[in-house]
Amino acid sequence: MPTPPSARRAALRRPAALGSLLATALAAGLLAAPEAASAEGLRIHDIQGTTRISPLAGRQVADVPGVVTGVRAFGSARGFWMQDTHPDRNEATSEGIFVFTGSASPAVAVGDAVTVSGTVTEYYPGGEAAGLQSVTELTKATWRVASSGNALPAPVRLSPSQIPDRYAPDAHGGSIEKLALRPGTYALDRYESLEGMRVSVQNAPVVGATSPHNELWVTAEPRRNRTGRGGALYGAYRDPNAGRVKVTSLIPFAQRPFPVANVGDELSGTTAGPLDYDNFGGYTLQTTELGKLTDRGLKRETTRKQRGDELAVATYNVENLSPKTSQAKFDRLASALVTNLASPDIVALEEVQDDNGVTDNGVVDAGQTLKKLTDAIKAAGGPAYEWRQINPVNDQDGGQPGGNIRTAFLFNPARVSFTDKPGGDSTTAVKAVREGGKAALSASPGRVEPGNAAWANSRKPLAGQFTFRGQRVFVVANHFNSKGGDQGVDSRFQPPARSSEVQRTQQAKIVNAFVKQLLAADRNANVIVAGDLNDYQFSPALKALTAGKVLTDQVARLPRAQRYGYVYQGNSQVLDHILTSSHVRRVDYDIVHVNAEFADQASDHDPQVLRWKP
């Protein structure tokens, strides 16, 4: 049975020492902090204190005892973790700490009993402006090894009973650094109270696949918000799945290669090591013991073929595709489009780069990129797709500098026709007009409000007019601005600011207004809005996009456990969408899981497809 929170370290605790009382007095301002905090009995828990910031920050400490629990002997942030084997009784104070040695490999080994002197420092991963929490460290350190081969403190096992349901204290957007830790109330406080200590997970499900940087995400709450394929579903701002923990390894690769895991796999047995917090956010288990990878056999999905009287419209973020991309990636994207997506009639593509990729020399055309992709599709047995797109103004649409990413249409001319109308260019706004008693576009393809400030440094929507079985169909391909600049769910500012939402909401209002124009020209207009909207189905942007019930977000019609197509920090979530006007009904919608849950990806997004019978 998991140890209850109130007793998680009771077997290891001892009465508070003089150092703990000293730290309390210093924090309260009752004593002047000395230049070197060398009071007899000063311990790690006195340095860590009961808030996120050490009461001794900036001070020198001397002869702090502990046993080495992990050594990082690689990279530019080398050092070791040590932990007190005589903890206090305060659940809020951590008993572990990282000793930073810079680029020098520390001459210690796991199990060494050491006494360390150094400066107490608060390190902010990514810099203080990044908004992440700080890590209390000892820097400019010297130490003495008293003995070796000592037993390590038993790890605190992370489990549902250890992790509170409430994620973080509410500071009304301000910093939570000075708030007293309440590890029995808030999950972020629980993790902070364990910073630097040995922790473990047991039989941990993988909820974020192994990345190229040799890290993965597991959950310590195996029954919470699980997707049908084993992930952790992110379905509300208030519940970011507190049991998620990143796993990296301190074990030399030659001794134990890092496991290559997909979502739904398991690290069976015990995975243990010091608990860290790193440059990309997220509490991280720096493992000295790795569980055995159990492969649960996750398979890539394949959607059904559209029937002859069904129009199939897909969206796919192809992740910075250019002629400089490897042929292997082109082939994999082509295979997914032909086999897994069953050769859709229309494909809205996102992140199509220009013909020389990130070389920033003024080239904006993407003809070679799209030809290479359509050639690969044909070679994979797919249709002879044609494409339509509009070149952006150089370096004005965001993405990788020089890449000039844009949206584009592929379409199968044997199944659907494209209505070409001149006048569409990078700066001219397409209009909804009435033609032959029905809605039409003033230019096709055309860009939606490209001069509006809402599209600054962001991709402009591409509108196209198609005909399928005598029906006009309007497709708007989108790639809204990214979440860059947002504070993370584990930020020291709570609730975190999502500043990028403002621009996406403005963009959504523009697309919503454009759809209304089409519907004003013909209330029965067939409109499909698709693409990478970079936001969740419950976000302000999606509320703005669907305002007035002019569009239905098909994601919301799926069973809850299927509402995802992207995995970030172990959270399975929605970024891509297909939305339809009211006349587009009797639809079959499918998010086709071929990338996001796998260590081996052709893109970080899963494609999706809508089949509609007019």
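What you see below is based on every heavy atom in this structure, not just the backbone, and it leaves out hydrogens, waters and symmetry mates. All of these numbers come straight from a predicted model, not from anything done at the bench.
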With salt bridge (Lys or Arg N to Asp or Glu O under 4.0 Å) as the test, would you mind laying out the steps for R166 and D239 before giving the verdict?
CA-CA 8 Å; R166 298 171 70 181; D239 185 9; over 6 Å; no
Would you please test Q554 and V587 for side-chain contact (heavy atoms from CB on, under 4.5 Å) and show each step?
CA-CA 9 Å; Q554 295 298 324; V587 301; 3.4 Å; yes
List the steps and the verdict of salt bridge (Lys or Arg N to Asp or Glu O under 4.0 Å) for R504 and D535.
CA-CA 8 Å; R504 279 193 301 281; D535 226 331; 2.7 Å; yes
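Distance alone, capped at 3.5 Å, places no donor-acceptor pair between the S572 side chain and the L233 backbone. At distances below 3.5 Å, at least one donor-acceptor pair connects side-chain atoms of D606 with backbone N or O atoms of V594. Under a 3.5 Å cut-off, the side chain of Q389 and the backbone N or O of L410 do not form any donor-acceptor pair. Between the side chain of R406 and the main chain of V352, a donor-acceptor pair closer than 3.5 Å is present. Looking only at distances, a side-chain donor or acceptor of N512 sits under 3.5 Å from a matching main-chain atom of A547. Between the side chain of K246 and the backbone N or O of L285 there is no donor-acceptor pair closer than 3.5 Å. Distance alone, capped at 3.5 Å, is enough to place a donor-acceptor pair between the D486 side chain and the S500 backbone. Judged by distance alone, with hydrogens and angles left aside, the side-chain atoms of D425 form a donor-acceptor pair with the main-chain N or O of T428 at under 3.5 Å. Formation of a donor-acceptor pair under 3.5 Å by the Q396 side chain with backbone atoms of N457 is not found in this model. Of the possible donor and acceptor atoms, one in the side chain of K324 sits under 3.5 Å from a partner among the backbone N and O of N356.
Of all the heavy atoms in V448 and A463, the pair that sits closest is CG2-CB, 4.3 Å. Contact detail for A242 and I163: the closest heavy-atom pair is CB-CG2, 3.7 Å. Among all heavy-atom pairs drawn from R226 and P205, the shortest one is NH2-CB, 3.6 Å. Considering every non-hydrogen atom in both S491 and P496, the closest pair reads CB-CB, 4.4 Å. Considering all non-hydrogen atoms of both residues, N391 and V364 come closest at OD1-O, 3.3 Å. Summarising the geometry of D395 relative to G402, their closest heavy-atom pair is OD1-N, 3.5 Å, with the distance given to 0.1 Å.
Atom OH of Y123 has more than 12 neighbouring heavy atoms from other residues, nucleotides or ligands inside a 6.0 Å radius. For K516, the NZ atom sits in a packed shell: over 12 heavy atoms of surrounding residues, nucleotides or ligands are nearer than 6.0 Å.
By the ring pair (Phe, Tyr, Trp, His ring centres under 6.0 Å) test, F409 is found to be paired with F466, residues two or more places apart in sequence or in another chain being considered. In this structure Y277 satisfies the ring pair (Phe, Tyr, Trp, His ring centres under 6.0 Å) test together with Y283, sequence neighbours excluded.
When each of Q608, R300, E301 is paired with V592, the side chain to side chain contact (heavy atoms under 4.5 Å, CB included) condition holds for E301 and for no other. Each of L533, V550, N478 was scored for a side chain to side chain contact (heavy atoms under 4.5 Å, CB included) with L545, with one residue passing: L533.
In this structure, CZ on R52 lies 8.5 Å from OG on S134, to the nearest 0.5 angstrom. To the nearest 0.5 angstrom, E319 atom CD is 4.0 Å from D604 atom CG. Distance check, rounded to the nearest 0.5 Å: CZ of R388 to CD of Q465 gives 12.5 Å. To the nearest 0.5 angstrom, Q162 atom CD is 11.0 Å from E221 atom CD. Rounding to the nearest 0.5 angstrom, the gap separating the CG atom in L188 from the CG atom in L179 is 11.5 Å. In this structure, the separation between CD1 on I528 and CG on L311 is 5.5 Å, given to the nearest 0.5 Å.
The shortest distance between side-chain heavy atoms of V245 and Y191 falls below 4.5 Å. Looking at L194 and R190, their side chains come closer than 4.5 Å, going by heavy atoms from C-beta outward. At least one side-chain heavy atom of S444 sits less than 4.5 Å from a side-chain heavy atom of F418. Using a 4.5 Å heavy-atom threshold, the side chains of V135 and E122 count as separate. Using a 4.5 Å heavy-atom cutoff, the side chains of N571 and R244 are in contact. Counting only heavy atoms from C-beta outward, the side chains of P240 and Y234 approach each other to under 4.5 Å. N404 has its side chain out of reach of V393: every pair of non-hydrogen atoms, C-beta onward, lies at least 4.5 Å apart. Residues V247 and E215 are not in side-chain contact: their nearest non-hydrogen atoms beyond the backbone lie 4.5 Å or more apart.
Among pairs with a residue in residues 587-602, those fulfilling salt bridge (Lys or Arg N to Asp or Glu O under 4.0 Å) read R229-E597, R304-D588, R332-D600, D588-R611, at least two apart in sequence or across chains. Sorted by first and then second residue, the salt bridge (Lys or Arg N to Asp or Glu O under 4.0 Å) pairs with a member in residues 344-363 read D345-R415; sequence neighbours excluded.
Side chains of T121 and E137: no donor on one and acceptor on the other come within 3.5 Å. One side chain, Q353 or N320, offers a donor N or O that lies under 3.5 Å from an acceptor on the other. Counted by atom type alone, T51 and E177 present zero donor-acceptor pairs between their side chains at under 3.5 Å. At a cut-off of 3.5 Å, with distance as the only test, no side-chain donor of Q503 or S458 sits close to an acceptor on the other residue.
By the 30° and 60° cut-offs, the orientation of the rings of Y566 relative to Y568 is parallel.
Ion pairing between a basic and an acidic side chain is recognised when a charged N comes within 4.0 Å of a carboxylate O; R447 and D397 show such pairing. Using a 4.0 Å cut-off between charged nitrogen and carboxylate oxygen, D522 and R472 do not count as a salt-bridge pair.
In this structure, K483 satisfies the cation-pi test against Y536, with its NZ or CZ atom closer than 6.0 Å to the six-membered ring centre and inside 45 degrees of the ring normal.
In summary, the aromatic rings of F411 and Y385 are positioned with their centroids too far apart to meet the 6.0 Å limit. Here F598 and H593 keep their ring centres 6.0 angstrom or further from each other.
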Would you mind writing out the side-chain donor-acceptor pairs for residues 555-563 within the sub-3.5 Å range, not counting sequence neighbours?
| residue | atom | partner | partner atom | Å |
| --- | --- | --- | --- | --- |
| R563 | NE | L558 | O | 2.9 |
| R563 | NH2 | A556 | O | 3.1 |
| R563 | NH2 | L558 | O | 3.0 |

If you look only at distance, which donor and acceptor atoms sit under 3.5 Å apart when one is on a side chain in residues 206-214 and the other is two or more places apart or in another chain?
| residue | atom | partner | partner atom | Å |
| --- | --- | --- | --- | --- |
| T210 | OG1 | P259 | O | 2.8 |
| T210 | OG1 | A261 | N | 2.8 |
| S211 | OG | H213 | N | 3.1 |

